[in-house]
Amino acid sequence: MRKIFLILCLAVCAVVSGCGEEAAQKNSVQLLFPNPAFGGIWNYIGNLCARLMSDAGYEVEMRFCKDANDQVTQLQDAIEKNPAAIVIGAQDAGNLGETLSLAKERGIPVIAYDRMIMHTDAISYYASFENNSVGEFQARYVEDKLNLKSGAGPFTIEFIAGSPDDSNAPLFYGGAYNYLKPYIDKGQLVVASGQTDFSAVATERWSKENAQRRMTDILQKYYADGKSLNVVIASNDDLAEGLILAEQAVGYKGTPTILTGQDAGANGVANIKAGKQTMTIYKDPEILCGKIVRMVKAVTEGSQPAINDVTNIKNDVMTIPAYLCIPMIVDRENINIVKDFTK
Ligand code: BGC
């Protein structure tokens with residue numbers, strides 16, 4: 001129904017303004033990004049991508065959405081402008097597919113930024129970091145710090161995963177959990193809450209407050225009276241901050257928790273420097289935005305962009321040619337390599 005409505009809208013637009021018949025605006029790029037208030041470092045990423053794209057000579061329109069429905073509206077508008085390419089950091093992996101079919105009908109190349117988009121065959125390319133490796137690197141760090149390979153333990157552990165509407169969230173979680181599972185099976189790691197299903201550990205909207213609420217509950221139920229929570233695998237820096245706040249709120253008295261994160265955002269970096277968070281996974285946005293600019297250049301010039309994966313990256317409909325960058329572990333020792341996102 002909505003699709004019919006959209007087709008009608010675009011058809012009316014084409015008749016009224018002739019926009020459907022105009023050649024694609026060869027130099028114009030539409031950038032759509034999630035609401036930065038929902039966490040992560042999208043604010044910096046959006047502005048950086050817009051700047052790099054415009055330095056490369058493109059006319060750029062960049063917008064952050066308010067929520068998932070707002071991004072659909074922005075996408076409809078972006079398609080009507082008939083740009084040479086659309087780049088999307090999806091707010092919700094599941095609700096853009098229907099609208100994207102219109103981009104495909106109009107021959108507008110679509111590049112998915114960082115997050116996969118589901119229910120669509122309209123994506124030309126995907127560029128991201130190795131999402132599975134993000135979680136695996138967190139897990140390897142813990143394995144190393146706790147000497148798990150030598151049989152040390154038992155240690156207590158809890159997980160705080162990302163938002164269920166983000167296709168990356170289960171990949172981060174799976175990367176960490178699957179790597180540590182043999183140690184859980186052997187009893188070297190003990191999940192006192194018993195919460196290990198993605199649905200149990202996921203955090204709506206990647207919200208620090210939601211993470212804080214769940215961890216407060218877990219701390220009160222399973223880690224009261226000085227019992228230590230040795231490790232928390234938090235999928236990003238905001239969720240890590242949720243744990244820090246929960247520990248403060250309940251007056252946690254156990255030994256310091258080894259706490260992971262992701263993004264090396266301003267809060268993560270500050271918490272690592274202050275000794276409240278142990279490590280983060282650095283995904284230098286300049287590297288990813290640079291790849292995106294080169295992808296846009298290739299599709300607008302009708303050439304092949306550099307890709308390094310043609311088989312493994314799939315949504316529920318298609319296999320998408322992708323470029324996957326390698327993330328990096330950062331802790332107190334090498335925190336100075338992180339570029340200051342706020343400048
Ligand atoms: C990104 C992370 C970010 C999270 C929350 C994910 O899709 O890959 O870098 O922390 O969204 O914004």
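Start at 1 and go down the list; that is how both ligands and their atoms are numbered. Here the structure is a predicted model, which means the values were calculated and not measured.
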Go through N95 and D92 one step at a time and tell me if the side-chain hydrogen bond (donor to acceptor under 3.5 Å, both in side chains) criterion holds.
CA-CA 6 Å; N95 79 335; D92 182 327; 4.9 Å; no

Per-ligand residue contacts, ligand 1, heavy-atom threshold under 4.0 Å:
G39, G40, W42, D114, R115, D166, N168, F172, W206, N236, Q262, D263, K283

Ionic contact status for D238 with K208, cut-off 4.0 Å
no

What residues form a salt bridge (Lys or Arg N to Asp or Glu O under 4.0 Å) with R205, not counting sequence neighbours?
none

The criterion is ring pair (Phe, Tyr, Trp, His ring centres under 6.0 Å); which residues satisfy it with F33, sequence neighbours excluded?
Y113

Does the plane of the ring in Y173 sit parallel, tilted or perpendicular to the ring in F159? Use 30° and 60° as the thresholds.
perpendicular

Applying salt bridge (Lys or Arg N to Asp or Glu O under 4.0 Å) to E130 and not counting sequence neighbours gives none

